[in-house]
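Encoded as structure tokens, the structure appears first; notes follow it.
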Amino acid sequence: VQLQASGGGLVQAGGSLRLSCSASGLTVSSHGMGWFRQAPGKEREFVAAMRKGTVSTYYADSVKGRFTISRDNANNRVYLQMNALRPEDTAVYSCNAVRAAGGSYWVMYAWGKGTQVTVSS
């Protein structure tokens with residue numbers, strides 16, 4: 001399985017970005033899929049997830065109402081639309097297949113290439 005995130009960049013606070021996750025070796029429609037981020041000096045944290053076979057979505061409180069996760073089954077991609085960006089959203093964003101257990105989301109595969117998002121104030 002290979003996962004690659006793209007679409008990051010430098011944006012001013014209040015701006016928007018759309019991240020894309022390409023997955024080879026797995027079918028995104030058959031897996032729960034999630035986005036995570038890691039800021040410098042911090043642990044990786046959960047951002048958003050979408051359960052397999054449904055349109056149910058879940059978000060970290062810090063991004064709720066600003067970020068939207070979606071899935072394109074035809075192109076086997078997962079997206080993260082990020083609006084109203086804040087400097088604290090600055091991080092490397094990565095995607096992975098996930099499973100929900102014990103109130104948390106557990107990644108299923110090795111991390112692929114993430115994409116840097118930098119939000120200036």
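Fair warning: this is a prediction, and the values are worked out from it, not measured in the lab.
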Chi angles and distances behind the side-chain contact (heavy atoms from CB on, under 4.5 Å) call for V119, E88: CA-CA 8 Å; V119 184; E88 54 263 39; over 6 Å; no
L85-V92 co-clustered via ILVMFWY side chain contacts under 4.5 Å: no
Spacing of CG belonging to D72 relative to OG belonging to S22, to within rounding of 0.5 Å: 12.0 Å
Residue pair M108 / V1, side-chain heavy-atom distance below 4.5 Å: no
Considering all heavy atoms, the nearest T54-R71 contact: O-NH2, 2.8 Å
Side-chain heavy atoms of F46 within contact of V98, under 4.5 Å: no
Same apolar cluster (I L V M F W Y, side chains within < 4.5 Å links), Y105/M50: no
Flag for S20-R77: side-chain donor and acceptor within less than 3.5 Å: yes
R66 and Y59: CA distance, side-chain angles, deciding distance, side-chain contact (heavy atoms from CB on, under 4.5 Å) verdict: CA-CA 10 Å; R66 301 188 296 123; Y59 300 92; over 6 Å; no
Atom of A5, atom of S94 and distance for their closest heavy-atom approach: CB-CA, 4.4 Å
Cluster overlap V63 with V11, hydrophobic side-chain contacts below 4.5 Å: yes
Considering all heavy atoms, the nearest L3-A110 contact: CD1-O, 4.1 Å
Pairwise side-chain contact, L19 with T115, heavy-atom cut-off 4.5 Å (strictly under): yes
Closest contact, heavy atoms only, N83 versus S16: OD1-OG, 2.9 Å
Atom pair OG/CZ of S56 and R51 - distance to nearest 0.5 Å: 7.0 Å
N96 side chain to V107 backbone, donor-acceptor under 3.5 Å: no
With sequence neighbours excluded, residues passing salt bridge (Lys or Arg N to Asp or Glu O under 4.0 Å) with R86: none
Transitive ILVMFWY side-chain link V117 to W111, under 4.5 Å: no
T90 side chain vs P87 backbone, donor-acceptor pair below 3.5 Å: yes
Closest contact, heavy atoms only, S120 versus L10: CB-CD1, 4.4 Å
Side-chain donor-acceptor contacts of residues 25-40 below 3.5 Å, not counting sequence neighbours, with atom names and distances?
{"from": "H31", "atom 1": "ND1", "to": "T27", "atom 2": "O", "distance (Å)": "2.9"}
{"from": "W35", "atom 1": "NE1", "to": "Y79", "atom 2": "O", "distance (Å)": "3.4"}
{"from": "R37", "atom 1": "NE", "to": "E45", "atom 2": "OE2", "distance (Å)": "2.6"}
{"from": "R37", "atom 1": "NH1", "to": "D89", "atom 2": "OD1", "distance (Å)": "2.9"}
{"from": "R37", "atom 1": "NH1", "to": "Y93", "atom 2": "OH", "distance (Å)": "2.9"}
{"from": "R37", "atom 1": "NH2", "to": "E45", "atom 2": "OE2", "distance (Å)": "3.2"}
{"from": "R37", "atom 1": "NH2", "to": "S62", "atom 2": "OG", "distance (Å)": "3.4"}
{"from": "Q38", "atom 1": "NE2", "to": "K42", "atom 2": "O", "distance (Å)": "3.1"}

